[in-house]
A.B. asks: 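Quick one: the structure is below, questions incoming.
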There are 2 protein chains.
Amino acid sequence: MPVLVMKFGGTSVATLDRIRRAAKRVGVEVSKGYDVIVIVSAMSGKTNELVGWVNETSPMYDAREYDAVVSSGENVTAGLMALTLQEMQVPARSWQGWQVPVQTTSAHASARIEAIPSDNIMASFGAGMKVAVVAGFQGVSPEGRITTLGRGGSDTTAVAFAAAFEAERCDIYTDVDGVYTTDPRVESKARKLDRIAFEEMLELASLGAKVLQTRSVELAMRYKVKLRVLSSFEEQSDEAGTLVCDEEEIMESNVVAGVAFSRDEAKMTLVSVADRPGIAALIFTALSDAGVNVDMIVQNISEEGRTDMTFSCPTDQVARAEAAMDEAKGAGTINFAELIADVDVAKVSVVGIGMRSHTGVAAKMFQVLSAEGINIKVITTSEIKISVLIDRKYMELAVQALHDAFELDKAA
Amino acid sequence: MPVLVMKFGGTSVATLDRIRRAAKRVGVEVSKGYDVIVIVSAMSGKTNELVGWVNETSPMYDAREYDAVVSSGENVTAGLMALTLQEMQVPARSWQGWQVPVQTTSAHASARIEAIPSDNIMASFGAGMKVAVVAGFQGVSPEGRITTLGRGGSDTTAVAFAAAFEAERCDIYTDVDGVYTTDPRVESKARKLDRIAFEEMLELASLGAKVLQTRSVELAMRYKVKLRVLSSFEEQSDEAGTLVCDEEEIMESNVVAGVAFSRDEAKMTLVSVADRPGIAALIFTALSDAGVNVDMIVQNISEEGRTDMTFSCPTDQVARAEAAMDEAKGAGTINFAELIADVDVAKVSVVGIGMRSHTGVAAKMFQVLSAEGINIKVITTSEIKISVLIDRKYMELAVQALHDAFELDKAA
């Protein structure tokens, strides 16, 4: 039997009624002849409740106990989903991470899946079971402790199962009906994409379009998993949602696939750093050791042996970055005059694999922003993405202007 | 290091504050030099919520999935308790049933513990861990599925661990401060017992004094586990609560240790049953097959080849008993004129190991009830217990009169 993986997020299993609706979707696929692996999240709100208890109990918690506690929400949904399917006469059973087992690293709270032996679940399919309901987000470490994969980790669980079982497709059911050219709440003309390339999705995911966990897209790309994002709240056809796939499978596409943005960026500038070889390594090693996720990095032109170093990081890591830099200054490792934090900025990016073969995308982006009177503070580019930091108050305007200019409301 | 087992019930871990209070008690025992195994229940209300979801999803649920769902509450408490202890600088970690592993039978929802290998937890004590926090009520079947031990099963988990680890004592922390001569809500003069014999506790537990799960008392008796029941809401001395122990350890005791009662009894009478050899076996096999827990059995004097057979069972099993008897009658297996169910009865019992050496306890009990004008409907006796069925409306009166007559408000 061909295997299909279906993943249901927290809002899709928030109540017993919604679990029933999701189970009906599973039943439809079973009736088409698939053996189905269903990956479930915790009922929405449950994981937050558990995380809240852990934080209140122990602010600097032992991540192994954090994992033991927060993984329990998915176990509940898995059992309830299996029971719901059984009520519909669909042979199903639940699987917790350690029962499969989903083997992960020991990096608690952000573990990576290392292997998913398929024997146990395949044996159950062989014995007449039609659905394996797997608790997402969790696994087991080599030491036999429960691990979790980080927030949104059930997406990664789903893709990893699709890869391990060579599934025909991995359907991610969520509360949106696909991937859009930008957030429809910011630009009403945003258009749902029928297909998007893995590389584009990866940039969009990491740029704050929180439809899929970044790691799940990376995995899907590496293992060529056909990934579909679709809504659990609408009647579905086989062509519903957005297919995330190899770029070869996309016949025609716009040069720019989408406009992404993130409000939670801060611009940090180290003023007058002693400009000597190895200084960048010192700065960013110190930030990395402090757990600061640096995104963009720009070094200004050096004058008289001193330079300004600008970087961006999530706003909630500003205090941590400041502490790390002050400590390095105190220890004499890094010498700088001042650290200026600008938290009133936003990042706006255009993403598209078409950029590889089309020149002038960056120039056009800068012209559009300039025509709106928006000042660009930092620029970074990759092969398929151009990102700028701008004043936050212009973010919506920039997204709308770029969406218009690149005609994203029209299909290729 | 000597090992101590401490079990905290649902009300004792109902909030993060109460978990903290319980953890402090654990810390006190650790500071005395014990390696402590803490058994925790789910936060009160959680298991009922989960059971409710299962019942709503699937009234005739698959018990394997029931177990997978309802066991999750204990996992949450175990992790939170371990984190709380760590915050108090007490080295602790949580253990779920499968991690120990707590090996049980495959009788889902009412599994029995078969073995608890001590290697893993002893190794963790050897490595400097001071507390093993174990999720109660759960285990793992030979098939690798999660099992649960039935309601109140965490008591049994606690006693089984005490036996497996040859613990010095098993302390059951609950919302009452010990075992009483009767329920203080019915008789205000009820007195807390300092000690009670296993046999007495067993009769009291099975008679509806729901302080301890019956099975846990059986296990404690078989493995000579010193079992103490005490309150988690009061400051504790080493002499607090009630010690459940071998009768040899009780120097002086009243002839009667306590008066127990149960409101949920029904009296069933099969009128005019054909009185022939093997008829009782037929009746009670049919009831047992139907899952009816028969308690008292009385056979009236037979007249002209026919007899009346009276038995008692929980009120919520009356319908099941009636169906089983009707079916047997229809099939011609059992012949009777009528089945009369009386659900307005209660069972009142006096319990005490002193009865073995004192005569006249039954006579005194019947005189007391007679003096109050209470009619006795059914009588059964064991070596250390006399039980009667009476009209439910006289239950409180009977309990108070017996408590007075046997002077249970005074220590021996």
Side-chain angles (χ1 to χ4, degrees), chain A residues 15-17 19-20 23 42-43 46 49-50 52-88 91-101 120 124 133 135 138 140-141 143-146, chain B residues 15-17 19-20 23 42-43 46 49-50 52-88 91-101 120 124 133 135 138 140-141 143-146:
Chain A
T15 64
L16 299 186
D17 265 347
I19 291 175
R20 220 166 286 132
M43 295 161 95
K46 285 290 160 192
E49 179 183 57
L50 296 169
W53 285 341
V54 169
N55 280 318
E56 194 181 331
T57 299
S58 177
M60 301 289 286
Y61 52 74
D62 176 349
R64 293 166 298 188
E65 299 301 343
Y66 169 96
D67 283 353
V69 172
V70 302
S71 59
S72 69
E74 279 72 12
N75 294 343
V76 172
T77 323
L80 293 176
M81 175 66 85
L83 287 166
T84 307
L85 287 161
Q86 290 176 3
E87 279 294 302
M88 296 174 179
R93 73 155 275 196
S94 69
W95 297 82
Q96 299 187 1
W98 61 273
Q99 290 176 316
V100 174
N120 289 339
S124 91
V133 185
Q138 62 178 245
V140 61
S141 74
E143 296 79 28
R145 302 293 296 260
I146 294 167
Chain B
T15 63
L16 299 187
D17 265 348
I19 291 175
R20 220 166 287 132
M43 294 159 95
K46 285 290 160 191
E49 179 183 56
L50 296 168
W53 285 342
V54 168
N55 280 320
E56 193 181 333
T57 299
S58 178
M60 302 289 286
Y61 53 74
D62 175 349
R64 293 166 299 188
E65 300 300 343
Y66 169 95
D67 282 353
V69 172
V70 303
S71 58
S72 69
E74 279 73 13
N75 294 342
V76 172
T77 322
L80 293 176
M81 175 66 86
L83 287 167
T84 307
L85 287 161
Q86 290 177 2
E87 279 293 303
M88 297 175 179
R93 73 155 275 197
S94 69
W95 297 81
Q96 300 188 1
W98 61 273
Q99 290 177 317
V100 176
N120 289 338
S124 92
V133 185
Q138 63 179 246
V140 62
S141 74
E143 297 79 29
R145 302 291 297 259
I146 294 167

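In what follows, chains carry the letters A, B, and so on, assigned in the order in which the sequence lines appear, proteins first and then strands, with residues in each chain numbered from 1.
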A.B. asks: Roughly how far, to the nearest 0.5 Å, is OG1 of A:T84 from CH2 of B:W53?
C.D. replies: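 Reported to 0.5 Å precision, the distance equals 12.5 Å.
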A.B. asks: For B:L80, is it the side chain, the backbone, both or neither that has a heavy atom under 4.5 Å from a heavy atom of chain A?
C.D. replies: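 B:L80 touches chain A through backbone and side-chain heavy atoms alike.
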A.B. asks: Please look at B:M43 and chain A and tell me whether the side chain, the backbone, both or neither of the residue comes under 4.5 angstrom of a heavy atom of that chain.
C.D. replies: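 Looking at B:M43, just its side chain touches chain A.
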A.B. asks: Given side chains that start at C-beta, do those of A:Q86 and B:E65 come closer than 4.5 Å, heavy atoms only?
C.D. replies: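 A:Q86 vs B:E65: side chains touch.
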A.B. asks: So which part of A:E74 gets closer than 4.5 Å to some heavy atom of chain B, the side chain, the backbone, both or neither?
C.D. replies: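 Interface part for A:E74: neither.
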A.B. asks: With only heavy atoms counted, which part of B:R145 is less than 4.5 Å from chain A, the side chain, the backbone, both or neither?
C.D. replies: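 For B:R145, backbone and side chain are both near chain A.
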A.B. asks: Could you tell me which non-hydrogen atom of B:V69 sits nearest to which non-hydrogen atom of A:G79, and how far apart they are?
C.D. replies: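 Heavy-atom minimum between the residues: CG2-CA, 3.5 Å.
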A.B. asks: As an exercise, state the distance from OG of B:S71 to CD of A:Q96, rounded to the nearest 0.5 Å.
C.D. replies: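 Between atom OG of B:S71 and atom CD of A:Q96 there are 6.0 Å.
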A.B. asks: In terms of heavy-atom pairs under 4.5 Å, which option from B:R20, B:M60, B:R93, B:E56 contacts chain A the most?
C.D. replies: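 Maximum pair count with chain A is reached by B:R93.
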A.B. asks: To the nearest 0.5 Å, how far apart are CE in B:M81 and OG1 in A:T57?
C.D. replies: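 Between atom CE of B:M81 and atom OG1 of A:T57 there are 10.5 Å.
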A.B. asks: Heavy-atom distances under 4.5 Å only: say whether B:E143 touches chain A with side chain, backbone, both or neither.
C.D. replies: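 Neither part.
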A.B. asks: Is the shortest side-chain heavy-atom distance between A:W98 and B:V140 below 4.5 Å?
C.D. replies: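 Of all side-chain heavy-atom pairs linking B:V140 with A:W98, at least one is under 4.5 Å.
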A.B. asks: First locate atom OG of A:S58, then atom CG of B:L16, and finally report the distance between them rounded to the nearest 0.5 Å.
C.D. replies: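 Rounded to the nearest 0.5 Å, the OG-CG separation comes to 11.5 Å.
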A.B. asks: How far does CG of A:D62 sit from CD of B:E87, to the nearest 0.5 angstrom?
C.D. replies: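 These two atoms lie 10.5 Å from each other.
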A.B. asks: Between B:I146 and chain A, with a heavy-atom cut-off of 4.5 Å, which part of the residue counts as in contact: side chain, backbone, both or neither?
C.D. replies: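 Its backbone and side chain both get close to chain A.
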A.B. asks: Counting only non-hydrogen atoms closer than 4.5 Å, does B:L83 touch chain A with its backbone (N, CA, C, O), its side chain (CB onward), both, or neither?
C.D. replies: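 Both the backbone and the side chain of B:L83 come within 4.5 Å of chain A.
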